A.B. asks: 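Here it is: the structure, laid out below.
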Amino acid sequence: MSDTKPTVAVLTALSLEYSAVRAHLTDLRKREHRRGTRAEVGRLPGTPWSVALVEMGEGNLTAAALTERVMSWLEPEAVFFVGVAGGLKSDIALGDVVVATKVYAVHGGKETPEGFLVRPEAWRASHRLAAAARDALRDDPRAHLKPVAAGDVVLAAAGSDVAEHLRRNYNDAAAIEMEGSGVVSAVHLAGGDALVIRGISDRADGDKSRVDGEGWQRRAAASAAAAVVAVLRLLRPFGGRTAAAARGSEDSEEGPHREPRSGGDHVGFRGNDFHGPVIAAQVGRRRGGEREQRRTGASSWPGTGGHCCAAGGACGVHRAG
(Lines give C-alpha, C1' and ligand atoms only; values in the text may rest on other atoms or scores of the structure.)
Protein backbone atom coordinates (compact mmCIF):
# COMPACT_ATOMS: atom_id res chain seq x y z
CA MET A 1 0.00 0.00 0.00
CA SER A 2 1.39 3.39 -0.94
CA ASP A 3 1.37 5.51 2.16
CA THR A 4 3.82 7.61 4.11
CA LYS A 5 2.81 6.00 7.40
CA PRO A 6 2.73 2.33 8.42
CA THR A 7 -0.75 0.84 8.11
CA VAL A 8 -2.93 -1.43 10.19
CA ALA A 9 -6.29 -2.79 9.07
CA VAL A 10 -9.32 -2.58 11.34
CA LEU A 11 -12.13 -4.83 10.12
CA THR A 12 -15.74 -4.80 11.26
CA ALA A 13 -18.91 -6.71 10.45
CA LEU A 14 -21.55 -4.06 11.20
CA SER A 15 -21.94 -0.41 10.27
CA LEU A 16 -22.24 0.69 13.91
CA GLU A 17 -18.90 -1.01 14.65
CA TYR A 18 -17.37 0.74 11.64
CA SER A 19 -18.72 4.12 12.76
CA ALA A 20 -17.36 3.64 16.29
CA VAL A 21 -13.81 3.20 14.95
CA ARG A 22 -14.18 5.86 12.26
CA ALA A 23 -14.97 8.48 14.91
CA HIS A 24 -11.35 8.24 16.13
CA LEU A 25 -9.76 8.85 12.70
CA THR A 26 -8.88 12.00 10.76
CA ASP A 27 -7.89 12.84 7.18
CA LEU A 28 -10.05 10.06 5.78
CA ARG A 29 -9.84 9.08 2.14
CA LYS A 30 -11.63 6.33 0.25
CA ARG A 31 -10.04 3.35 -1.50
CA GLU A 32 -11.72 0.84 -3.78
CA HIS A 33 -10.40 -2.58 -4.81
CA ARG A 34 -10.82 -3.54 -8.45
CA ARG A 35 -13.38 -6.16 -7.36
CA GLY A 36 -15.42 -3.60 -5.45
CA THR A 37 -14.27 -3.97 -1.83
CA ARG A 38 -14.14 -0.53 -0.22
CA ALA A 39 -12.00 0.92 2.54
CA GLU A 40 -11.42 4.24 4.22
CA VAL A 41 -7.88 5.09 5.24
CA GLY A 42 -7.27 7.72 7.91
CA ARG A 43 -4.79 8.88 10.50
CA LEU A 44 -5.00 7.95 14.16
CA PRO A 45 -3.84 11.16 15.90
CA GLY A 46 -1.00 10.80 18.35
CA THR A 47 0.24 7.56 16.78
CA PRO A 48 2.45 6.62 13.83
CA TRP A 49 -0.40 4.67 12.25
CA SER A 50 -2.60 4.97 9.23
CA VAL A 51 -5.73 2.88 9.76
CA ALA A 52 -7.46 1.13 6.87
CA LEU A 53 -11.07 0.60 7.94
CA VAL A 54 -13.22 -2.02 6.18
CA GLU A 55 -16.81 -3.09 6.87
CA MET A 56 -17.02 -6.67 5.62
CA GLY A 57 -20.45 -7.95 6.61
CA GLU A 58 -21.32 -10.93 8.77
CA GLY A 59 -20.10 -14.52 8.84
CA ASN A 60 -16.81 -16.41 9.00
CA LEU A 61 -16.68 -17.34 5.30
CA THR A 62 -17.10 -13.73 4.19
CA ALA A 63 -14.62 -12.62 6.83
CA ALA A 64 -11.96 -15.09 5.66
CA ALA A 65 -12.29 -14.21 1.97
CA LEU A 66 -12.24 -10.45 2.48
CA THR A 67 -9.46 -10.57 5.06
CA GLU A 68 -7.23 -12.32 2.53
CA ARG A 69 -8.13 -9.62 0.00
CA VAL A 70 -7.31 -6.84 2.47
CA MET A 71 -3.97 -8.48 3.30
CA SER A 72 -2.85 -8.62 -0.34
CA TRP A 73 -4.38 -5.27 -1.33
CA LEU A 74 -3.58 -2.93 1.56
CA GLU A 75 -0.60 -4.83 3.00
CA PRO A 76 -1.23 -3.95 6.67
CA GLU A 77 1.38 -4.62 9.32
CA ALA A 78 -1.37 -5.98 11.58
CA VAL A 79 -5.08 -6.80 11.40
CA PHE A 80 -7.63 -6.09 14.13
CA PHE A 81 -11.21 -7.33 14.08
CA VAL A 82 -13.32 -5.00 16.22
CA GLY A 83 -17.00 -5.28 17.09
CA VAL A 84 -19.67 -6.67 19.40
CA ALA A 85 -20.30 -10.14 20.81
CA GLY A 86 -22.56 -12.08 23.13
CA GLY A 87 -21.19 -12.64 26.62
CA LEU A 88 -20.86 -16.14 28.03
CA LYS A 89 -19.59 -15.37 31.56
CA SER A 90 -21.65 -13.85 34.36
CA ASP A 91 -18.70 -11.84 35.71
CA ILE A 92 -18.22 -9.95 32.43
CA ALA A 93 -20.72 -7.11 32.22
CA LEU A 94 -22.52 -5.55 29.27
CA GLY A 95 -20.21 -2.93 27.76
CA ASP A 96 -17.06 -4.74 28.90
CA VAL A 97 -14.37 -5.63 26.34
CA VAL A 98 -12.98 -9.10 25.63
CA VAL A 99 -9.62 -9.27 23.84
CA ALA A 100 -9.37 -12.76 22.34
CA THR A 101 -6.30 -14.65 23.53
CA LYS A 102 -7.42 -17.40 21.17
CA VAL A 103 -10.36 -17.91 18.83
CA TYR A 104 -12.24 -21.21 18.65
CA ALA A 105 -14.03 -22.41 15.51
CA VAL A 106 -16.86 -24.19 17.28
CA HIS A 107 -18.72 -26.09 14.56
CA GLY A 108 -16.14 -28.68 13.56
CA GLY A 109 -16.85 -32.29 14.50
CA LYS A 110 -18.34 -35.64 13.58
CA GLU A 111 -21.90 -36.82 14.16
CA THR A 112 -21.97 -40.46 15.31
CA PRO A 113 -24.62 -42.84 16.74
CA GLU A 114 -23.08 -42.16 20.14
CA GLY A 115 -23.43 -38.41 19.69
CA PHE A 116 -21.48 -35.46 18.33
CA LEU A 117 -17.69 -35.75 18.60
CA VAL A 118 -16.00 -32.36 18.72
CA ARG A 119 -12.97 -31.68 16.54
CA PRO A 120 -11.75 -28.38 17.96
CA GLU A 121 -9.76 -25.85 15.98
CA ALA A 122 -8.27 -22.74 17.53
CA TRP A 123 -5.93 -19.89 16.65
CA ARG A 124 -3.93 -18.01 19.25
CA ALA A 125 -3.67 -14.24 19.14
CA SER A 126 -0.49 -12.68 17.83
CA HIS A 127 1.90 -12.50 20.77
CA ARG A 128 3.01 -9.01 19.73
CA LEU A 129 -0.53 -7.66 19.60
CA ALA A 130 -1.74 -9.47 22.71
CA ALA A 131 1.25 -8.15 24.67
CA ALA A 132 0.45 -4.61 23.55
CA ALA A 133 -3.17 -5.13 24.60
CA ARG A 134 -2.16 -6.38 28.05
CA ASP A 135 0.01 -3.32 28.52
CA ALA A 136 -2.55 -0.85 27.20
CA LEU A 137 -5.56 -2.27 29.09
CA ARG A 138 -3.90 -3.52 32.27
CA ASP A 139 -5.52 -0.89 34.52
CA ASP A 140 -8.96 -1.13 32.91
CA PRO A 141 -11.20 -3.37 35.07
CA ARG A 142 -13.66 -3.69 32.18
CA ALA A 143 -11.13 -5.23 29.79
CA HIS A 144 -10.63 -9.01 29.82
CA LEU A 145 -8.13 -11.12 27.90
CA LYS A 146 -10.00 -14.38 27.37
CA PRO A 147 -10.75 -16.94 24.64
CA VAL A 148 -13.62 -16.24 22.24
CA ALA A 149 -15.86 -18.70 20.37
CA ALA A 150 -16.73 -18.08 16.72
CA GLY A 151 -19.56 -19.84 14.90
CA ASP A 152 -22.12 -19.15 12.22
CA VAL A 153 -25.08 -18.63 14.49
CA VAL A 154 -26.62 -15.78 16.47
CA LEU A 155 -27.01 -17.23 19.95
CA ALA A 156 -30.12 -15.90 21.70
CA ALA A 157 -31.14 -18.86 23.91
CA ALA A 158 -29.12 -19.87 26.98
CA GLY A 159 -30.79 -23.31 27.04
CA SER A 160 -30.22 -24.19 23.39
CA ASP A 161 -28.17 -27.09 22.05
CA VAL A 162 -25.56 -24.61 20.82
CA ALA A 163 -25.26 -23.05 24.28
CA GLU A 164 -24.84 -26.48 25.84
CA HIS A 165 -22.25 -27.38 23.19
CA LEU A 166 -20.23 -24.29 24.18
CA ARG A 167 -20.50 -24.99 27.91
CA ARG A 168 -19.44 -28.59 27.48
CA ASN A 169 -16.61 -28.20 24.97
CA TYR A 170 -15.47 -24.56 25.04
CA ASN A 171 -16.13 -23.65 28.64
CA ASP A 172 -13.32 -21.10 28.89
CA ALA A 173 -14.78 -18.97 26.06
CA ALA A 174 -15.93 -15.59 27.38
CA ALA A 175 -17.87 -14.48 24.30
CA ILE A 176 -19.48 -15.79 21.13
CA GLU A 177 -19.37 -14.08 17.75
CA MET A 178 -19.51 -14.85 14.02
CA GLU A 179 -16.36 -13.63 12.23
CA GLY A 180 -13.27 -14.11 14.38
CA SER A 181 -12.16 -17.54 13.17
CA GLY A 182 -12.44 -16.47 9.53
CA VAL A 183 -10.28 -13.41 10.13
CA VAL A 184 -7.55 -15.02 12.21
CA SER A 185 -7.27 -18.12 10.01
CA ALA A 186 -6.78 -15.94 6.92
CA VAL A 187 -4.16 -13.77 8.63
CA HIS A 188 -2.42 -16.85 10.02
CA LEU A 189 -2.16 -18.40 6.54
CA ALA A 190 -0.72 -15.13 5.23
CA GLY A 191 1.93 -15.09 7.97
CA GLY A 192 0.56 -11.96 9.61
CA ASP A 193 -0.50 -10.69 13.04
CA ALA A 194 -4.15 -10.55 14.10
CA LEU A 195 -6.15 -9.64 17.20
CA VAL A 196 -9.91 -9.83 17.85
CA ILE A 197 -11.44 -7.25 20.20
CA ARG A 198 -15.13 -7.51 21.15
CA GLY A 199 -17.45 -5.39 23.23
CA ILE A 200 -20.14 -7.36 25.08
CA SER A 201 -23.54 -6.24 23.84
CA ASP A 202 -25.80 -9.02 25.19
CA ARG A 203 -25.79 -12.24 27.24
CA ALA A 204 -26.40 -14.58 24.29
CA ASP A 205 -29.78 -15.42 25.83
CA GLY A 206 -33.47 -14.67 25.46
CA ASP A 207 -32.97 -11.03 26.49
CA LYS A 208 -30.85 -10.25 23.45
CA SER A 209 -33.56 -8.37 21.56
CA ARG A 210 -34.44 -6.29 24.62
CA VAL A 211 -30.86 -5.22 25.40
CA ASP A 212 -30.18 -4.55 21.73
CA GLY A 213 -33.20 -2.23 21.81
CA GLU A 214 -31.70 -0.44 24.81
CA GLY A 215 -28.65 0.57 22.77
CA TRP A 216 -26.10 -1.88 24.11
CA GLN A 217 -24.72 -2.75 20.69
CA ARG A 218 -23.71 0.86 20.11
CA ARG A 219 -22.18 1.16 23.57
CA ALA A 220 -20.31 -2.12 23.24
CA ALA A 221 -18.98 -1.10 19.82
CA ALA A 222 -17.73 2.17 21.31
CA SER A 223 -15.93 0.23 24.06
CA ALA A 224 -14.24 -2.07 21.53
CA ALA A 225 -13.21 0.89 19.38
CA ALA A 226 -11.71 2.67 22.39
CA ALA A 227 -9.78 -0.50 23.24
CA VAL A 228 -8.20 -0.86 19.81
CA VAL A 229 -7.22 2.81 19.88
CA ALA A 230 -5.55 2.28 23.26
CA VAL A 231 -3.60 -0.68 21.84
CA LEU A 232 -2.49 1.28 18.78
CA ARG A 233 -1.25 4.13 20.97
CA LEU A 234 1.29 1.71 22.47
CA LEU A 235 2.04 -0.46 19.42
CA ARG A 236 5.14 0.57 17.47
CA PRO A 237 5.59 -0.16 13.75
CA PHE A 238 7.38 -3.45 13.26
CA GLY A 239 7.25 -4.10 9.53
CA GLY A 240 4.82 -7.01 9.72
CA ARG A 241 4.57 -9.57 6.92
CA THR A 242 5.40 -6.97 4.24
CA ALA A 243 8.85 -6.29 5.65
CA ALA A 244 9.44 -9.99 6.27
CA ALA A 245 8.64 -10.71 2.63
CA ALA A 246 10.95 -7.92 1.50
CA ARG A 247 13.79 -9.46 3.50
CA GLY A 248 13.28 -12.84 1.83
CA SER A 249 15.06 -13.78 -1.38
CA GLU A 250 13.33 -14.65 -4.64
CA ASP A 251 16.26 -16.98 -5.35
CA SER A 252 15.21 -20.55 -4.54
CA GLU A 253 18.79 -21.86 -4.40
CA GLU A 254 20.31 -22.65 -1.05
CA GLY A 255 22.11 -19.90 0.89
CA PRO A 256 23.41 -18.06 2.65
CA HIS A 257 24.56 -15.90 -0.26
CA ARG A 258 26.55 -12.75 -0.28
CA GLU A 259 24.91 -9.81 -1.99
CA PRO A 260 26.20 -9.43 -5.57
CA ARG A 261 28.53 -6.49 -5.89
CA SER A 262 29.37 -4.85 -9.18
CA GLY A 263 31.05 -1.69 -10.30
CA GLY A 264 34.07 -0.71 -12.34
CA ASP A 265 36.09 -3.84 -13.09
CA HIS A 266 34.91 -5.91 -10.12
CA VAL A 267 31.99 -8.31 -9.71
CA GLY A 268 31.09 -10.50 -6.72
CA PHE A 269 30.18 -14.09 -7.66
CA ARG A 270 28.51 -16.44 -5.20
CA GLY A 271 31.29 -17.41 -2.79
CA ASN A 272 34.13 -15.82 -4.83
CA ASP A 273 35.32 -12.45 -6.08
CA PHE A 274 36.50 -11.90 -9.65
CA HIS A 275 38.23 -8.86 -11.10
CA GLY A 276 38.13 -7.63 -14.66
CA PRO A 277 35.78 -5.77 -17.01
CA VAL A 278 32.30 -7.26 -17.06
CA ILE A 279 28.91 -6.91 -18.64
CA ALA A 280 26.05 -7.51 -16.23
CA ALA A 281 22.39 -6.96 -15.63
CA GLN A 282 20.52 -6.37 -12.39
CA VAL A 283 17.14 -8.07 -12.34
CA GLY A 284 14.34 -7.31 -9.92
CA ARG A 285 10.56 -7.40 -9.68
CA ARG A 286 8.02 -4.68 -9.85
CA ARG A 287 4.76 -4.92 -7.97
CA GLY A 288 2.33 -7.21 -9.71
CA GLY A 289 5.03 -9.63 -10.78
CA GLU A 290 6.50 -7.56 -13.64
CA ARG A 291 10.23 -7.91 -14.11
CA GLU A 292 12.58 -4.94 -14.13
CA GLN A 293 16.03 -5.06 -15.71
CA ARG A 294 18.83 -2.50 -15.62
CA ARG A 295 22.26 -2.77 -17.26
CA THR A 296 25.13 -2.19 -14.85
CA GLY A 297 28.30 -2.92 -16.87
CA ALA A 298 29.78 -1.95 -20.23
CA SER A 299 32.30 -4.51 -21.48
CA SER A 300 32.89 -8.25 -21.74
CA TRP A 301 34.78 -10.71 -19.58
CA PRO A 302 38.13 -11.31 -21.23
CA GLY A 303 38.60 -14.72 -22.78
CA THR A 304 35.04 -15.99 -22.17
CA GLY A 305 33.37 -15.29 -25.48
CA GLY A 306 31.82 -12.06 -24.23
CA HIS A 307 29.84 -13.34 -21.23
CA CYS A 308 30.93 -13.46 -17.61
CA CYS A 309 28.97 -16.65 -16.85
CA ALA A 310 31.12 -18.53 -19.33
CA ALA A 311 33.79 -18.52 -16.65
CA GLY A 312 31.72 -21.28 -15.03
CA GLY A 313 28.60 -21.50 -12.83
CA ALA A 314 26.05 -18.81 -12.12
CA CYS A 315 27.35 -15.41 -11.15
CA GLY A 316 25.71 -13.07 -8.69
CA VAL A 317 23.99 -11.06 -11.41
CA HIS A 318 23.24 -13.71 -14.07
CA ARG A 319 21.17 -16.68 -12.86
CA ALA A 320 21.87 -20.04 -14.41
CA GLY A 321 19.08 -21.39 -16.61
Side-chain angles (χ1 to χ4, degrees), residues 1-59 62-84 126 128-129 132-133 136 179-180 182-184 186-187 190-199 217-218 220-246 285-290:
M1 179 175 174
S2 177
D3 203 297
T4 58
K5 284 193 171 187
T7 300
V8 295
V10 176
L11 313 178
T12 73
L14 305 177
S15 60
L16 61 87
E17 299 163 344
Y18 183 99
S19 297
V21 177
R22 190 180 189 274
H24 293 272
L25 306 179
T26 62
D27 302 321
L28 288 156
R29 63 192 186 281
K30 293 184 180 293
R31 297 282 303 272
E32 184 175 359
H33 187 271
R34 62 188 179 86
R35 294 190 180 277
T37 304
R38 294 175 179 267
E40 281 190 284
V41 181
R43 309 293 191 190
L44 182 60
T47 78
W49 296 109
S50 286
V51 176
L53 184 59
V54 181
E55 180 185 342
M56 301 192 301
E58 299 176 32
T62 297
L66 293 183
T67 298
E68 194 283 332
R69 179 171 295 171
V70 167
M71 293 287 286
S72 60
W73 171 35
L74 301 176
E75 298 181 339
E77 292 193 17
V79 175
F80 295 85
F81 197 90
V82 177
V84 301
S126 156
R128 184 189 305 273
L129 303 187
E179 294 81 28
V183 170
V184 296
V187 176
D193 292 78
L195 191 67
V196 173
I197 300 177
R198 294 289 191 167
Q217 278 198 338
R218 194 168 301 279
S223 296
V228 75
V229 167
V231 173
L232 289 173
R233 292 200 186 284
L234 285 186
L235 187 67
R236 298 294 92 189
F238 58 96
R241 63 186 288 272
T242 303
R285 288 189 182 274
R286 293 176 182 158
R287 291 185 65 178
E290 300 176 32

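None of the values given here were measured: they were computed from a predicted structure.
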A.B. asks: Using only atom types and a distance under 3.5 Å, with no angle test, would you say the side chain of R43 pairs donor to acceptor with the backbone of S50?
C.D. replies: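 Answer holds: no.
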A.B. asks: What are the two closest heavy atoms between V54 and R38, and how far apart are they?
C.D. replies: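 Taking V54 first and R38 second, the nearest heavy atoms are CG1-O, 3.7 Å.
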A.B. asks: Which residues satisfy the salt bridge (charged side-chain N to carboxylate O under 4.0 Å, His left out) test with E40, sequence neighbours excluded?
C.D. replies: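 If we apply the salt bridge (charged side-chain N to carboxylate O under 4.0 Å, His left out) test to E40, skipping adjacent residues, the hits are R22, K30.
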A.B. asks: Test V51 against every option in L232, V229, V228 by the side-chain contact (heavy atoms from CB on, under 4.5 Å) rule and name the one that passes.
C.D. replies: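 With V51 as partner, L232, V229, V228 yield a single side-chain contact (heavy atoms from CB on, under 4.5 Å), made by L232.
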A.B. asks: Count the heavy atoms of every other residue, nucleotide or ligand shown that sit under 6.0 Å from CZ of R69, and state whether that count exceeds 12.
C.D. replies: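 Correct, the count exceeds 12.
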A.B. asks: If you round to the nearest 0.5 Å, how far is CZ of R35 from CG of L66?
C.D. replies: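 Atom-to-atom, L66:CG and R35:CZ are 12.0 Å apart.
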A.B. asks: So with a 6.0 Å cut-off around CZ of R236, is the heavy-atom count from everything else above 12?
C.D. replies: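 More than 12 heavy atoms, drawn from other residues, nucleotides or ligands, come within 6.0 Å of this atom.
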A.B. asks: Is there a donor-acceptor pair closer than 3.5 Å between any side-chain N or O of R233 and the backbone N or O of P45?
C.D. replies: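 Present.
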A.B. asks: How far does OG1 of T37 sit from CD of E55, to the nearest 0.5 angstrom?
C.D. replies: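 Between atom OG1 of T37 and atom CD of E55 there are 12.0 Å.
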A.B. asks: Calculate, to the nearest 0.5 Å, the distance between atoms CG and NE2 belonging to L74 and H33 respectively.
C.D. replies: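 Reported value, rounded in 0.5 Å steps: 8.5 Å.
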A.B. asks: Roughly how far apart are K5 NZ and T47 OG1, rounded to 0.5 Å?
C.D. replies: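 With rounding to 0.5 Å, NZ (K5) is 6.0 Å from OG1 (T47).
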A.B. asks: What's the spacing between D193 CG and F238 CZ if we round to 0.5 Å?
C.D. replies: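 Answer rounded to 0.5 Å: 4.0 Å.
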A.B. asks: Looking at T12, is its backbone amide N or carbonyl O close enough to the side chain of E179 to form a donor-acceptor pair, meaning the two atoms are under 3.5 Å apart?
C.D. replies: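 Such a contact is absent between E179 side chain and T12 backbone.
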A.B. asks: Can you measure from CH2 (W49) to CG (L44) and round to the nearest 0.5 angstrom?
C.D. replies: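 Going from the CH2 atom of W49 to the CG atom of L44 covers 10.5 Å.
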